[in-house]
J.: 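Mind having a look at this structure? Questions to follow.
Hydrogens, waters and symmetry mates play no part in the numbers below; they use all other heavy atoms, side chains included. Indexing begins at 1, ligand by ligand and atom by atom, following the structure's order.
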Amino acid sequence: MAELKPRVEALAAGRRAPGLAVILAGNDPGSEVYVRNKVKACADLGIHSETLTPPESVTTSELLAEVDRLNQRPEIDGILVQLPLPRQVDSKRVLLAVAPEKDVDGFHPFNVGCLVANLPAPRACTPAGIIELLKRYDIPIAGKRAVVVGRSDIVGKPTALLLLHAHATVTICHSKTPDLPAVCREAEILVAAIGRAAMITAEYIHPGTTVIDVGMNRVTSRDQAEAAFRGNQEKMAAFTRRGSLLVGDVNPMDMAACAGAYTPVPGGVGPLTIAMLMRNTVESAERRLQLC
Ligand code: NAP
């Protein structure tokens, strides 16, 4: 974020600050928190942001018209459609409507194609954040065995491709992978993008492995909280106060005992995801204003 700030200032002093538009449709409480954090990051950096909040009853064609208006506006460099969209909306059509050069989430098939071909284009923010994290902590990727658990379009697949482009030997696992612990134990870098609280335990880890925990699971049962944070009095006191805890896909107590390095939840991959969104927005503005 500190590296981006002078770039935003240079843009603002020259032509105009970068502009990000966020579409937050309906009232998903998780999405509201994510969008609030993204808007705050924009404000911290001096990026202009606006949040459009169509109601839960919004239709696909209304959202397509909104995206089209944003595509036409010259001062908007990035368009982010916060997922999930309300059930009646055709999410794929809405994401496809975002102009690829304003697709700061990197979800448009054109940008996914660029990712596969290793051509420059906005990269999906969470996978880009994972690579940035490994680089900033001087964790070598080239020649390493990387295992990615999860094959979603937004995390698992793009993460596997970025690791491959960085010359790791990559295995992608999913819910049909037999003997998942044995496959994971082969990893020198393990990425967990599953959506199951504290599923990755010591049994999945070769001692010394670097573990990236993408999961963000809100647990509301004391048993589940204890399974993840047994013996951690601070965390259990927080659970008692709030009635819930944010838990990753990885068991943090087990990782502390046997991983070489691991990312915490919260405070690991999440902030990097937002930083990469900011970077994509700044780069889009620089490109569109022909400054690079
Ligand atoms: P997703 O679309 O639900 O994909 C989950 C993947 O995990 C699927 O490929 C699924 O396999 C696999 N899986 C589920 N259960 C499994 C099991 N028991 N064993 C092996 N694989 C299993 O989820 P996502 O969107 O990728 O997100 C994953 C997690 O990351 C969620 O907790 C989400 O909240 C979090 N997330 C965090 C950030 C961040 O900024 N920190 C950003 C995005 C997502 P199948 O394909 O076979 O079903």
J.: Which pair of non-hydrogen atoms, one from Ala197 and one from Gln224, has the smallest distance, and what is that distance?
T.: CB-NE2, 4.2 Å
J.: Considering non-hydrogen atoms of the protein only, which is the closest contact for atom 33 (C) of ligand 1, and what is the distance?
T.: Met216 N, 4.2 Å
J.: Select the closest option to atom 43 (C) of ligand 1 among Asp249, Val269, Val155, Val183, judged by heavy-atom distance.
T.: Val155
J.: So, does Ala193 sit close enough to ligand 1 that a heavy atom of it is under 4.0 Å from the ligand?
T.: yes
J.: Strictly by salt bridge (Lys or Arg N to Asp or Glu O under 4.0 Å), give each pair with a member in residues 159-173 just once, sequence neighbours left out.
T.: none
J.: Give me the nearest non-hydrogen protein atom to atom 29 (C) of ligand 1 as residue plus atom name, then the distance to 0.1 Å.
T.: Gly195 N, 3.7 Å
J.: Between the side chains of Arg16 and Asp77, is the shortest nitrogen-to-carboxylate-oxygen separation below 4.0 Å, so that they form an ion pair?
T.: yes
J.: Give the contacting part of Val214 toward ligand 1: side chain, backbone, both or neither, where contact means a heavy-atom distance below 4.0 Å.
T.: both
J.: Could you work out, for atom 17 (C) of ligand 1, the closest of Met276, Lys157, Met199 by heavy-atom distance?
T.: Met199
J.: Could you pull out the closest heavy-atom pair between Ile274 and Asn37, with the gap in Å?
T.: CD1-CB, 3.6 Å
J.: Any heavy-atom pair between the side chains of Leu4 and Ile47 that's under 4.5 Å?
T.: no
J.: Taking NZ, NE, NH1 and NH2 as the nitrogens, is one of them in Lys102 or Glu75 under 4.0 Å from a carboxylate oxygen of the other?
T.: no
J.: Glu32 and Gly26: which non-hydrogen atoms are nearest, and at how many Å?
T.: OE2-O, 4.4 Å
J.: Between Arg69 and Glu66, is there a salt bridge with N-O shorter than 4.0 Å?
T.: yes
J.: Just need the protein heavy atom nearest to atom 16 (C) of ligand 1, so name the residue and atom and give the distance.
T.: Ile194 CG2, 3.6 Å
J.: At a 4.0 Å threshold, what atoms of ligand 1 neighbour a non-hydrogen atom of Gly270?
T.: 40 (O), 41 (N)
J.: Testing the basics here: between Arg288 and Arg73, what is the closest heavy-atom pair and its distance to 0.1 Å?
T.: NH2-O, 4.3 Å
J.: If we only count N/O pairs under 3.5 Å, is Arg151 in contact with ligand 1?
T.: yes
J.: Closer than 4.0 angstrom, basic N to acidic O: yes or no for Glu3 and Arg279?
T.: no
J.: Checking a contact table here: which protein heavy atom is nearest atom 42 (C) of ligand 1, and how many Å away?
T.: Thr126 OG1, 3.3 Å
J.: Does the distance from a Lys or Arg side-chain N to an Asp or Glu carboxylate O, for Glu188 and Arg145, drop under 4.0 Å?
T.: no
J.: Any luck finding a side-chain donor-acceptor pair between Ser244 and Thr220 under 3.5 Å?
T.: no
J.: What is the closest protein heavy atom to atom 11 (O) of ligand 1, and at what distance does it sit?
T.: Ser175 N, 3.2 Å
J.: By number and element, which atoms of ligand 1 are closer than 4.0 Å to a non-hydrogen atom of Gly150?
T.: 6 (C), 7 (O), 9 (O)
J.: How far is atom 25 (O) of ligand 1 from its nearest protein heavy atom, and which residue and atom name does that atom have?
T.: Ile154 CD1, 3.6 Å
J.: When you measure from atom 15 (N) of ligand 1 to every protein heavy atom, which one gives the shortest distance, and what is it?
T.: Arg196 NE, 2.8 Å
J.: Which atoms of ligand 1 are found less than 4.0 Å from any heavy atom of Leu180?
T.: 19 (N), 20 (C)
J.: Select the closest option to atom 23 (O) of ligand 1 among Ser152, Gly129, Pro271, judged by heavy-atom distance.
T.: Ser152
J.: Within ligand 1, which atoms have a heavy atom of Asn217 less than 4.0 Å away?
T.: 32 (O)
J.: Which protein heavy atom lies closest to atom 40 (O) of ligand 1, and at what distance to 0.1 Å?
T.: Thr273 OG1, 3.0 Å
J.: Select one of side chain, backbone, both or neither to describe which atoms of Thr177 lie under 4.0 Å from any atom of ligand 1, heavy atoms only.
T.: neither
